[in-house]
Novice: 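Structure incoming, see below.
Owing to the predicted nature of the structure, the values given are computational and were not obtained by experimental measurement. Just the heavy atoms: all of them, side chains too, but no hydrogens, waters or symmetry mates, feed the values below.
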Amino acid sequence: MAFLPMNASEVKERGWDGVDFVYVCGDSYVDHPSFGSAIITRLLEDCGYKVAFLAQPDWKNDDDFKQFGKPKLGFFVSAGNIDSMVAHYTVAKRKRSDDAYTAGGKNGKRPDRAVTVYSNIIRRLYPDSPIIIGGLEASLRRFAHYDYWLDDVMPSVLFDSKADIISYGMGELQTIEIAKRLSEGYSVESLYDIRGICYKVKTEDYTPMSVVELPSYERVKENKRDYAQAARKELEQADAVRGKTLIQRHGSYILVQNPPMPPLDTKQLDYIYSLPYERWYPKCYEKAGGVPGVEEVLFSITHNRGCFGACNFCSLAFHQGRAVTVRSEESIINEAKSFLKNPRFKGCISDVGGPTANFRLPSCEKQKKLGLCKNRRCLAPTPCPNMQVSHTEYLDILRKLRNIDGIKKVFIRSGIRFDYLMEDENDEFITELVNYHISGQLRVAPEHCSAAVLDKMGKPHIETYKKFCKKFYSLTEKAHKEQYVVPYLMSSHPGSTMKDAVELALFCKREGIHPKQVQDFYPTPGTISTAMFYTELDPYTLEPVYVPKSESEKAMQRALLQYFIPENKPLVIKALIKAGRRDLIGSDKKCLVTPLAGQTAGGYKKDSSNNTGRKKNNKDKYAKYRRKNKKK
């Protein structure tokens, strides 16, 4: 199957007199089901629509946007696989030089806040053309939200972008319905009853209904308590079974979010992944060296969607949802067999996973009828007794994949929920994981060791991780393999004091962990952790939360995790002194670092008159008596 047309000449080559939809994307065009843009455009094509793919248009002039003319039905706009601001800037707000989703891997091919920039250009050029924005950037910014890069609260992206509708979440079902109605001649206003969308309406035109009203944009901008409450309510209603309509006033307008679209079922997922993807990028990118982001996922298989882990710093619950749905075994096997026809395939499936690799079941039977629990997690701080735990189906799929002729290795590189795994009384999965599905390192995400910090993260306490590691290394030894658990650790998350950071450094020392990279908490729109960062309140309790915000403190917390790097020693010592842990500066085994030159144990400055390192009062106590004797 050919790639979709990317320019006007390719549209003409197909003999089309125009297009139904133009899909505008902030990424280079990659026709692979790991890219949401590929799924949506292939879906539209399969429904019979003529779709042009406008990848990374030049936003500094209008030519790229005008080349297709006005599409018959409208524009779909997405920033790409990730938020454009995250793509462009590090957590320290420094400009990135690379970009995995751009041909050649170089940054600068999309604007900051790409959805807003692209949509404004389209609205100016085609004032009456429907504009539907979607993808991660639009989805996570659908309500008034804190913008880390501006350090301010911004209105819903629907207002700044001048778009008509936000298609939030994964988007397939609402895209089909939106396209169908537009093709039948219905107006944009006729789309307002579709689930999984947001729209705006003037206050005087709004018809009151049964809704959950959030604090207004003006209130959340001025009052952090209101912001925290809004963040909690937004997530509470992000459930396709029990979620209600949400409204949020923005000046003279009301933003309306319809309840979430139900997640795709197995049959629908199988259909989506059977569409004729090229699983590559167009030839026009070869000169630049191709699109780096496709390499890692080229021969990966997504077998599930949704994650009921619901960590506070993760946007999955707000975008993809907590309800887990899965593809059929047949669909997964067929995709693997299709790899054998690809000349680039060398026999290795890089991943069989998803948001969480080892989820194949709904969290519990109750959630099917009642939805997921409103303010309770399935796994943290302790597993829910109602949770269903089984790896049987997943293990059966992995075994069948391993037995396909021509497939040499099947790896699991998506996140494994080790806490869920440890709830399984049957050790078959972890045994075969160790024996067949790890390429030397298994990455898991304990994130921290402090119970107080883990509670703010929505993660299980560290004891579960320790038990997992013990079992993993025992099985690895029995298998006579050299394999390692590599933990993801996060510094400076809300709730993490300097003492908590020291505790994490000591944990790393005890466990022999030497992180090569450390991720500072990144406050991205749409997460509970970001609400904590901005408001310094816990949205669930409204109690104060300590938040490390200064660059100096974040640098110290980060350095503590890499205390073993010589260049970090000055910062580590500064952090230890601030935390009141001078006892960890010295040459003892318990210490994290040795003193700097000119310092003694404890980080005190050396004094030439004594060797204790402590300043002493060298004043002559008896001088006044000697002066009195002289007078006599």
Novice: Taking the basic N atoms (NZ, or NE/NH1/NH2) and the acidic carboxylate oxygens, is any pair closer than 4.0 Å for E172 and R305?
Specialist: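 Counted as a salt bridge, because a side-chain N and a carboxylate O are separated by less than 4.0 Å.
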
Novice: Indicate whether any N or O donor in one side chain lies under 3.5 Å from an N or O acceptor in the other, for D419 and T464.
Specialist: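 Side chains of D419 and T464: no pair found under 3.5 Å.
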
Novice: Nearest 0.5 Å, please: how far is OG1 in T530 from CG in D147?
Specialist: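 It is 10.5 Å, given to the nearest 0.5 Å.
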
Novice: Any carboxylate oxygen within less than 4.0 angstrom of a Lys/Arg side-chain nitrogen, looking at R327 and E335?
Specialist: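 Salt bridge between R327 and E335, a charged N being under 4.0 Å from a carboxylate O: yes.
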
Novice: Any salt bridge between D151 and K93, counting N to O under 4.0 Å?
Specialist: no

Novice: Do N304 and Y394 meet the criterion of a side-chain donor-acceptor pair at a distance under 3.5 Å?
Specialist: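 Their side chains do not contain a donor-acceptor pair, so the 3.5 Å distance test is not met.
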
Novice: Might you work through the side-chain contact (heavy atoms from CB on, under 4.5 Å) test for T266 and V326, ending with a clear yes or no?
Specialist: CA-CA 6 Å; T266 296; V326 298; 4.1 Å; yes

Novice: Within the 3.5 Å criterion, strictly below it, is a donor on Y146 or D152 matched to an acceptor on the partner's side chain?
Specialist: no

Novice: Would you check if there is a donor-acceptor pair between the side chains of H448 and D500 at a distance under 3.5 Å?
Specialist: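 Side chains of D500 and H448: no pair found under 3.5 Å.
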
Novice: Judged by modelled atom types alone, do Y271 and D46 share a side-chain donor-acceptor pair under 3.5 Å?
Specialist: yes

Novice: Between Y277 and H32, does the ring centre distance come in under 6.0 Å?
Specialist: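 No: the rings miss the under 6.0 Å criterion.
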
Novice: With a 4.0 Å cut-off on N to O distance, would you call D226 and R219 a salt bridge?
Specialist: yes

Novice: Are R113 and E137 within salt-bridge range, i.e. N to O under 4.0 Å?
Specialist: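 No, this pair does not count.
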
Novice: Looking at D239 and R322, is there a salt bridge between them, counting it only when a charged N and a carboxylate O are closer than 4.0 Å?
Specialist: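 Salt bridge flag = no for D239 with R322.
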
Novice: Run the salt-bridge test on K233 and E236 with the 4.0 Å N-O cut-off and return the result as yes or no.
Specialist: no

Novice: Look up atom OH in Y49 and atom NZ in K72, then write down how far apart they are to the nearest 0.5 Å.
Specialist: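 Here the rounded value is 12.5 Å.
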
Novice: What do you reckon, are the aromatic ring centroids of F359 and F308 less than 6.0 Å apart?
Specialist: yes

Novice: Less than 4.0 angstrom from a charged side-chain N to a carboxylate O is my criterion; do K549 and E536 meet it?
Specialist: yes

Novice: Could you tell me whether the side chains of S529 and T527 share a donor-acceptor contact shorter than 3.5 Å?
Specialist: no

Novice: Is the terminal nitrogen or CZ of K224 (NZ for Lys, CZ for Arg) located under 6.0 angstrom from the six-membered ring centre of Y534 and within 45° of that ring's axis?
Specialist: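 Judged by the rule, K224 and Y534 form a cation-pi pair.
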
Novice: Kindly say whether the aromatic ring centers of F313 and F521 come within a distance under 6.0 Å.
Specialist: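 When the ring centroids of F313 and F521 are compared, they turn out to be at least 6.0 Å apart.
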
Novice: For the residue pair H391 and F429, does the interplanar ring angle fall in the parallel (under 30°), tilted (30 to 60°) or perpendicular (over 60°) class?
Specialist: parallel

Novice: Would you say the ring centroid of F75 lies under 6.0 angstrom from that of Y23?
Specialist: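 That pair fails the under 6.0 Å test.
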
Novice: Under 3.5 Å, is there a donor-acceptor pair between the D455 and H461 side chains?
Specialist: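 Short answer, yes.
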
Novice: Let me know which of Y217, F143, Y206 forms a ring pair (Phe, Tyr, Trp, His ring centres under 6.0 Å) with H250.
Specialist: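 Of the listed options, the one satisfying the test is Y217.
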
Novice: Regarding S331 and S328, is there a side-chain donor-to-acceptor distance under 3.5 Å anywhere?
Specialist: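 Per modelled atom types, S331 and S328 side chains form no pair under 3.5 Å.
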
Novice: Could you tell me whether the side chains of T116 and D160 share a donor-acceptor contact shorter than 3.5 Å?
Specialist: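 No donor-acceptor contact under 3.5 Å links the two side chains.
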
Novice: Should L361 and V324 count as side-chain neighbours, where that means a heavy-atom distance under 4.5 Å?
Specialist: no

Novice: Hey, is D83 close enough to R141 for a salt bridge, meaning N to O under 4.0 Å?
Specialist: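 R141 and D83: salt-bridged.
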
Novice: How close do V545 and L537 get, counting heavy atoms only, and between which atoms?
Specialist: CG2-C, 3.7 Å

Novice: Quick one: CD1 on I166 to CZ on R142, what's the gap to the nearest 0.5 Å?
Specialist: 8.0 Å

Novice: Are the side chains of F21 and T41 in touch, meaning some heavy atoms are under 4.5 Å apart?
Specialist: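 They are not in contact (no side-chain heavy atoms under 4.5 Å apart), so the answer is no.
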
Novice: Anything under 30° is parallel, anything over 60° is perpendicular, the rest tilted; go ahead and classify Y192 against Y199.
Specialist: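 Taking Y199 first and then Y192, their aromatic rings lie parallel (interplane angle under 30°).
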
Novice: Calculate, to the nearest 0.5 Å, the distance between atoms OH and OG belonging to Y101 and S37 respectively.
Specialist: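 Reported to 0.5 Å precision, the distance equals 10.5 Å.
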
